[in-house]
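In this text the structure is predicted, and so the values were computed from the model without any measurement.
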Amino acid sequence: MNANPKDGFSVSLSKFHRKSLHSQMANTSGCNQLNDLPNIPLPELKVRGLQSAKIKASPKRSPHILKFYVHDAQCILNDPIKKANRRYENQSEYVFVDTYLDALHVIAQEEKKYKQGNGQTIQSEEFSEQQISINPQPTLPNLPAQLMRERMRVYAQSQQKEPQSIESQLAQRQPKKVIKTATSLMTKKILPNKLTVSLSVHQAIPSIKHKVSAKRWVMFTKQKNEKCFNKSVGWQEFQKGEVASITKIMTCYTTLTYLKEYNIEPDQIKIKIPGHAECIDGTSAFLNAGGILTIKQLLFALMLPSGNDAALVLSFTIAYLMILQKTEIYQYNRYLKGAIIDIEPQIERNKKLLKHTFLDQMNKHAISIKMENTNYSSVHGLNDEKNVSCPNDISKLIEKCIQLEVFLEIITTKIFKTHALTDKGGKATLYKWKNTNKLLKKSGWMGVKTGVTPNAGPCFTGYYKNNDMEAIIVVLNCSSMNQRFRDAEVLLISALK
């Protein structure tokens with residue numbers, strides 16, 4: 001670190017990289033001045049001009065260090081042809097300095113050495129003090145040392161101004177205009193389904209929001225003396241989005257509603273597992289093709305391990321029964337009396353018809369429950385931009401589902417073991433399905449469903465019940481698989497206080 005005793009300015013030139021003027025001018029096309037130069041050592045930094053400045057980030061130096069691009073010969077700067085043929089940066093000389101003030105100081109010193117060594121006078125060019133203070137990195141002409149020191153003094157004074165405090169900066173800010181009229185709201189285009197929320201129009205931020213990682217969530221509670229659930233707290237609960245395997249709640253509800261409507265027992269219908277079930281992606285109950293299972297067994301496979309294969313088999317079977325009920329009543333009655341449904345040929349013939357028949361029934365139930373922000377285009381919830389819902393609508397669906405005894409029996413089961421049957425009635429594959437809901441281990445939690453996809457993120461819907469209160473909690477797009485359960489517990493604790 002060198003110091004100038006006259007002006008009190010510090011100069012940092014520890015990093016100094018230079019090439020000889022001979023090598024630079026030899027590499028420059030059209031420059032024949034080497035022949036005219038005498039055989040004497042040239043002064044350092046001869047006729048240097050500061051052309052431009054760039055920020056250089058280095059692990060060993062702080063990122064604010066300036067890297068100055070320096071040209072060696074004045075002829076390169078003055079000649080437009082040679083200036084156009086400028087060399088690459090790694091072939092040029094440059095110097096590291098800490099501040100712009102140091103750069104001015106370096107140039108002043110080198111100009112002084114050049115003037116003393118050659119006895120030449122350098123003509124100064126007009127360069128205003130205002131330009132130095134406004135633009136700290138201009139293209140500089142060659143200036144004598146005395147004039148340069150004056151510019152340095154002006155620059156130093158401009159840099160010594162005390163910065164304003166935060167309080168004074170905030171006091172100078174103009175307050176934002178408050179939106180008061182309906183017309184101004186329309187011009188601002190504040191939409192309730194967007195992530196950008198106007199707190200004065202849409203909803204206030206709940207005090208518990210910072211403790212919940214989910215991007216969309218809601219909690220409905222019902223006290224002992226109340227007849228229906230009421231919303232306790234929520235955030236973005238009306239915003240649409242993919243819900244992953246939470247879709248399977250509606251798949252289960254549609255199946256159970258159909259069986260209840262026509263007085264069909266869940267164990268009454270037997271289905272032969274098709275080969276299509278083994279080809280689906282995502283979470284699976286690992287159903288083996290050719291085995292025979294009842295609708296109730298498939299419902300356990302749907303809700304506990306979140307089997308996409310079980311959702312596929314159930315949807316095709318229920319849709320096939322709905323079509324038979326209108327077209328072939330004799331065959332329909334045979335299946336009700338215990339005949340095994342071989343759904344594989346029907347899928348190969350009318351796969352699209354069966355799929356849309358069941359999806360239409362799912363969307364009809366959504367309309368009847370007044371799930372206004374919901375649309376189903378999938379029976380299992382794999383990535384599908386059209387398969388969307390919101391926390392508020394899912395809570396309405398769960399409120400309907402917990403009124404069905406079979407549904408409560410399924411979602412409260414931690415582990416379910418069962419055998420598939422063969423065509424002759426013997427035992428085939430043994431299945432053991434574990435519930436993905438980790439909160440079933442804790443007192444009061446009754447289910448309901450987990451889900452995760454890349455688009456929807458980790459999701460969870462839970463039902464809690466004790467002697468004094470019931471709660472339905474929906475958290476969507478949480479930060480992690482385990483955090484979705486913590487989010488639900490945080491919301492429940494706030495309701496129990």
Side-chain angles (χ1 to χ4, degrees), residues 216 239-258 271 273-287 295 298-323 343 346-348 350-369 371-398 400-401 407 410-411 436 448-461 474 476-477 484:
R216 299 173 288 146
Q239 183 184 345
K240 293 181 181 180
E242 295 186 40
V243 293
S245 291
I246 307 299
T247 305
K248 296 185 177 78
I249 299 176
M250 178 57 85
T251 304
C252 182
Y253 178 76
T254 303
T255 302
L256 292 175
T257 304
Y258 176 80
I271 308 162
I273 304 301
H276 288 73
E278 296 181 341
C279 302
I280 193 168
D281 297 329
T283 54
S284 176
F286 301 102
L287 302 178
I295 287 183
L298 288 172
L299 288 173
F300 277 99
L302 173 75
M303 298 299 289
L304 270 62
S306 192
N308 294 335
D309 46 0
L312 205 65
V313 176
L314 281 171
S315 62
F316 286 146
T317 302
I318 298 300
Y320 179 54
L321 291 176
M322 294 172 64
I323 295 173
I343 198 67
Q346 306 302 325
I347 296 175
E348 294 177 355
N350 303 310
K351 183 177 181 179
K352 289 185 178 180
L353 177 62
L354 296 174
K355 177 182 177 181
H356 289 296
T357 300
F358 192 83
L359 288 175
D360 290 344
Q361 194 67 20
M362 291 174 67
N363 287 311
K364 286 180 182 178
H365 285 305
I367 294 173
S368 64
I369 302 174
M371 300 171 67
E372 298 175 354
N373 295 320
T374 299
N375 178 72
Y376 291 108
S377 61
S378 168
V379 297
H380 38 63
L382 287 177
N383 290 336
D384 190 339
E385 295 180 354
K386 297 181 180 179
N387 190 79
V388 295
S389 187
C390 67
N392 189 75
D393 289 356
I394 295 171
S395 300
K396 294 179 181 179
L397 173 61
I398 295 175
K400 286 285 185 181
C401 289
F407 184 84
I410 294 171
I411 64 174
T436 57
V448 178
K449 190 77 188 69
T450 62
V452 60
T453 61
N455 294 342
C459 305
F460 174 70
T461 59
V474 180
L476 304 179
N477 204 347
R484 55 184 174 179

If you take all heavy atoms of [X] and [Y], which pair is closest and at what distance?
X    : Y    : result
K240 : R216 : C-NH1, 3.6 Å
L354 : A319 : O-CB, 3.2 Å
C459 : N477 : SG-N, 3.7 Å
V313 : A277 : CG2-CB, 3.8 Å
V474 : S395 : CG2-OG, 3.5 Å
V379 : F358 : CG1-CD2, 3.7 Å

Atom pair [atom1] ([X]) and [atom2] ([Y]), whose distance is rounded to the nearest 0.5 Å:
X    : Y    : atom1 : atom2 : value
T461 : L397 : OG1   : CG    : 9.0 Å
F286 : E278 : CZ    : CD    : 11.5 Å
L298 : I273 : CG    : CD1   : 5.0 Å
S389 : Q239 : OG    : CD    : 12.0 Å
T357 : I323 : OG1   : CD1   : 4.0 Å
K396 : C390 : NZ    : SG    : 7.5 Å

Look at the side chain of [X] and the backbone N and O of [Y], then say whether any donor-acceptor pair between them is shorter than 3.5 Å.
X    : Y    : answer
D309 : A285 : yes
D393 : N373 : yes
N387 : G381 : no
N375 : V388 : no
R484 : G457 : no
E242 : D384 : yes
N308 : D281 : yes

Please tell me if the side chains of [X] and [Y] come closer than 4.5 Å, counting only heavy atoms from C-beta onward.
X    : Y    : result
I318 : T254 : no
F407 : I249 : yes
Y258 : Q361 : no

Notebook entry, point to check: Counting only heavy atoms not in E372, do more than 12 sit closer than 6.0 Å to its CD atom?
Noted result: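 12 or below, so no.
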Notebook entry, point to check: So does K400 have more than 12 non-hydrogen atoms from other groups sitting under 6.0 Å from NZ?
Noted result: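 No.
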Next item on the list: Evaluate the side chain to side chain contact (heavy atoms under 4.5 Å, CB included) criterion for residues Y376 and H365: first the C-alpha distance (whole Å), next the side-chain angles of each, then the deciding distance (0.1 Å), finally the verdict.
Entry: CA-CA 10 Å; Y376 291 108; H365 285 305; over 6 Å; no
Item checked: Pair T436, T450: side-chain N/O donor-acceptor within cut-off below 3.5 Å ->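 Yes.
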Notebook entry, point to check: With no hydrogens and no angle check, do the side chains of S306 and S245 hold a donor and an acceptor under 3.5 Å apart?
Noted result: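 Note: S306 and S245 side chains meet the donor-acceptor criterion.
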Margin query: Does I367 form a side chain to side chain contact (heavy atoms under 4.5 Å, CB included) with T374? I'd like the steps, not just the answer.
Written below: CA-CA 9 Å; I367 294 173; T374 299; over 6 Å; no
Check: Could you walk me through whether M362 and T251 pass the side chain to side chain contact (heavy atoms under 4.5 Å, CB included) check?
Finding: CA-CA 7 Å; M362 291 174 67; T251 304; 3.8 Å; yes
Check: Checking side chain to side chain contact (heavy atoms under 4.5 Å, CB included) for the pair V243/M250: CA distance, chi angles, key distance, verdict?
Finding: CA-CA 12 Å; V243 293; M250 178 57 85; over 6 Å; no
